[in-house]
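Here the structure is laid out as structure tokens; the discussion comes afterwards.
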There are 2 protein chains.
Amino acid sequence: MTIKEVCEKYDITPDTLRYYERVGVIPEVTRTAGGIRNYTEKDMGWVQNAICFRSAGMPIEALIEYVRLFQQGDETIEARCQLLKDTREQIMEARKKYDIALQKLNYKISRYEEAVKTGILSWEEEPK
Amino acid sequence: MTIKEVCEKYDITPDTLRYYERVGVIPEVTRTAGGIRNYTEKDMGWVQNAICFRSAGMPIEALIEYVRLFQQGDETIEARCQLLKDTREQIMEARKKYDIALQKLNYKISRYEEAVKTGILSWEEEPK
DNA sequence: ATACACCTTAGAGTTTGCTCCAAGTCAATG
DNA sequence: CATTGACTTGGAGCAAACTCTAAGGTGTAT
């Protein structure tokens with residue numbers, strides 16, 4: 001699969017994909033004889049993972065570290081496991097903050113919807 | 001309340017608080033005669049909201065827009081309501097991605113934990 | 001074989017959101 | 001009233017994560 005096809009599939013730019021490979025967020029991609037990237041299923045799996053974890057706020061650095069450990073072979077299995085657990089902790093922590101924000105938003109929106117109907121904007125405490 | 005006290009309360013730096021005020025993420029803060037910031041309860045409410053929504057990934061620009069609308073008075077109530085709904089949509093979208101990442105992580109971690117015990121690292125499909 | 005679209009690299013530039021610095025002001029204490 | 005420490009501003013600097021540019025190579029359709 002060409003870089004363009006991968007980009008369309010995952011809605012990402014070629015620049016970003018090349019950047020990910022350059023810095024080590026994904027391992028080096030398979031190439032044609034002419035040097036053009038030709039993504040295999042395995043390559044795509046790495047891409048998919050990178051996109052998924054990035055979209056959950058996992059920093060580039062952590063992804064690079066995981067790939068680095070992976071490439072060092074089986075003796076890094078425990079380290080990789082720990083890295084994933086730490087990552088999970090961070091994502092769960094972040095998600096908690098999202099939930100709190102959503103609660104706040106829901107409260108505000110309910111007040112605003114009432115205000116739009118009645119013309120009266122009332123807050124329990126602080127007017128914001 | 002002085003800037004320092006507010007910073008301690010919300011675990012944020014004075015630079016960030018001043019930055020928020022400068023760009024309009026929070027409205028102008030109450031000052032002493034000498035020009036020193038003296039945060040009222042109302043000011044603190046804005047600070048708390050800014051921190052909460054920022055931690056859920058709401059962009060600075062959206063927060064500025066909200067404050068701008070707020071300062072224009074009651075005729076912007078509907079616009080503010082819409083902005084909050086759009087924000088909620090985005091945060092819920094982002095949270096979905098967090099959940100997907102967490103599922104992936106849980107699967108990987110379970111495989112790794114087995115590998116740590118048995119020495120065998122097995123994947124359903126792609127080895128990653 | 002010659003366009004033509006698409007690919008390559010190295011390296012510079014951009015955006016977002018802070019973070020730091022210098023030079024000066026304010027206020028509490030001895 | 002002098003010292004000390006926290007506060008002020010404007011503006012520069014920085015880190016993360018892309019994003020763009022220039023100059024050139026690849027591959028395929030006519």
Side-chain angles (χ1 to χ4, degrees), chain A residues 1-40 43-44 46-47 49-68 87 90-91 94 97 101, chain B residues 1-40 43-44 46-47 49-68 87 90-91 94 97 101:
Chain A
M1 228 181 187
T2 69
I3 198 169
K4 205 190 181 191
E5 288 164 336
V6 178
C7 287
E8 272 157 16
K9 181 159 180 185
Y10 294 115
D11 192 29
I12 189 173
T13 71
D15 273 319
T16 301
L17 262 190
R18 283 189 285 251
Y19 165 73
Y20 280 179
E21 186 178 350
R22 184 155 51 85
V23 301
V25 161
I26 57 175
E28 289 201 359
V29 165
T30 315
R31 306 277 186 130
T32 67
I36 292 193
R37 287 177 184 80
N38 183 24
Y39 291 79
T40 64
D43 295 324
M44 309 263 286
W46 281 104
V47 169
N49 272 283
I51 291 168
C52 175
F53 292 137
R54 280 293 304 131
S55 76
M58 186 169 171
I60 293 283
E61 262 314 313
L63 283 163
I64 293 170
E65 174 67 5
Y66 180 80
V67 170
R68 223 174 33 121
T87 299
Q90 285 158 32
I91 293 178
K97 293 192 176 152
Chain B
M1 228 179 186
T2 69
I3 198 168
K4 206 190 180 192
E5 288 165 336
V6 178
C7 287
E8 272 157 16
K9 182 159 178 185
Y10 294 114
D11 193 28
I12 190 174
T13 70
D15 272 319
T16 301
L17 262 191
R18 282 189 286 252
Y19 166 74
Y20 280 178
E21 187 178 348
R22 183 154 52 83
V23 300
V25 161
I26 56 175
E28 289 201 1
V29 165
T30 316
R31 306 279 184 125
T32 66
I36 292 192
R37 287 176 184 81
N38 184 24
Y39 291 79
T40 63
D43 295 324
M44 308 264 285
W46 282 103
V47 170
N49 272 283
I51 291 168
C52 175
F53 292 136
R54 280 293 305 131
S55 76
M58 185 169 172
I60 293 284
E61 262 313 314
L63 284 162
I64 293 170
E65 175 69 4
Y66 181 79
V67 171
R68 228 178 24 140
T87 299
Q90 285 158 30
I91 293 178
K97 294 193 175 152

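Just so we're clear, the structure is a prediction, and the values are computed from it rather than from any experiment.
- A:Thr13 has no side-chain polar atom (N or O) that falls below the 4.0 Å cut-off from OP1 or OP2 of D:dC18.
- Considering only side-chain N and O atoms, B:Arg18 lies under 4.0 angstrom from the phosphate OP1 or OP2 of D:dT8.
- For D:dG25, the OP1/OP2 oxygens have no side-chain nitrogen or oxygen of A:Arg31 closer than 4.0 Å.
- Close to D:dA6, at under 4.0 Å from its OP1 or OP2, lies no side-chain N or O of B:Thr2.
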Checklist entry - Does the side-chain contact (heavy atoms from CB on, under 4.5 Å) test come out yes or no for A:Asp43 and A:Glu28, once each step is laid out? => result CA-CA 8 Å; A:Asp43 295 324; A:Glu28 289 201 359; over 6 Å; no

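- Atom CD of A:Glu5 sits in a crowded spot, with more than 12 heavy atoms from other residues, nucleotides or ligands closer than 6.0 Å.
- At distances below 3.5 Å, not a single donor-acceptor pair connects side-chain atoms of A:Asn38 with backbone N or O atoms of A:Arg31.
- Using a 4.0 Å heavy-atom distance criterion, A:Pro14 is classed as making no nucleic acid contact.
- Counting distance only, with no hydrogens placed and no angle test, the side-chain atoms of A:Asp15 and the base atoms of D:dC18 include no donor-acceptor pair under 3.5 Å.
- In terms of position along DNA chain D, the nucleotide closest to A:Arg54 lies nearer the 5' end than the nucleotide closest to the other residue of the pair A:Thr32 and A:Arg54.
- Each of C:dT19, C:dC7, C:dG11 was ranked by its minimum atom distance to the side chain of B:Arg22; first place goes to C:dT19.
- Legend: residues meeting side-chain contact (heavy atoms from CB on, under 4.5 Å) with A:Glu8, ordered by chain and number and at least two apart, are A:Lys4.
- Side-chain N/O atoms of B:Thr16 include one lying less than 4.0 angstrom from OP1 or OP2 on C:dT19.
- Here A:Arg37 reaches the OP1 or OP2 of C:dT8: one of its side-chain N or O atoms lies under 4.0 Å away.
- Nearest-nucleotide positions on DNA chain D place A:Tyr20 closer to the 5' end than the other of A:Ala33 and A:Tyr20.
- When distances are taken from the side chain of B:Ile36 to each of C:dG17, C:dC26, C:dC7, the shortest belongs to C:dC26.
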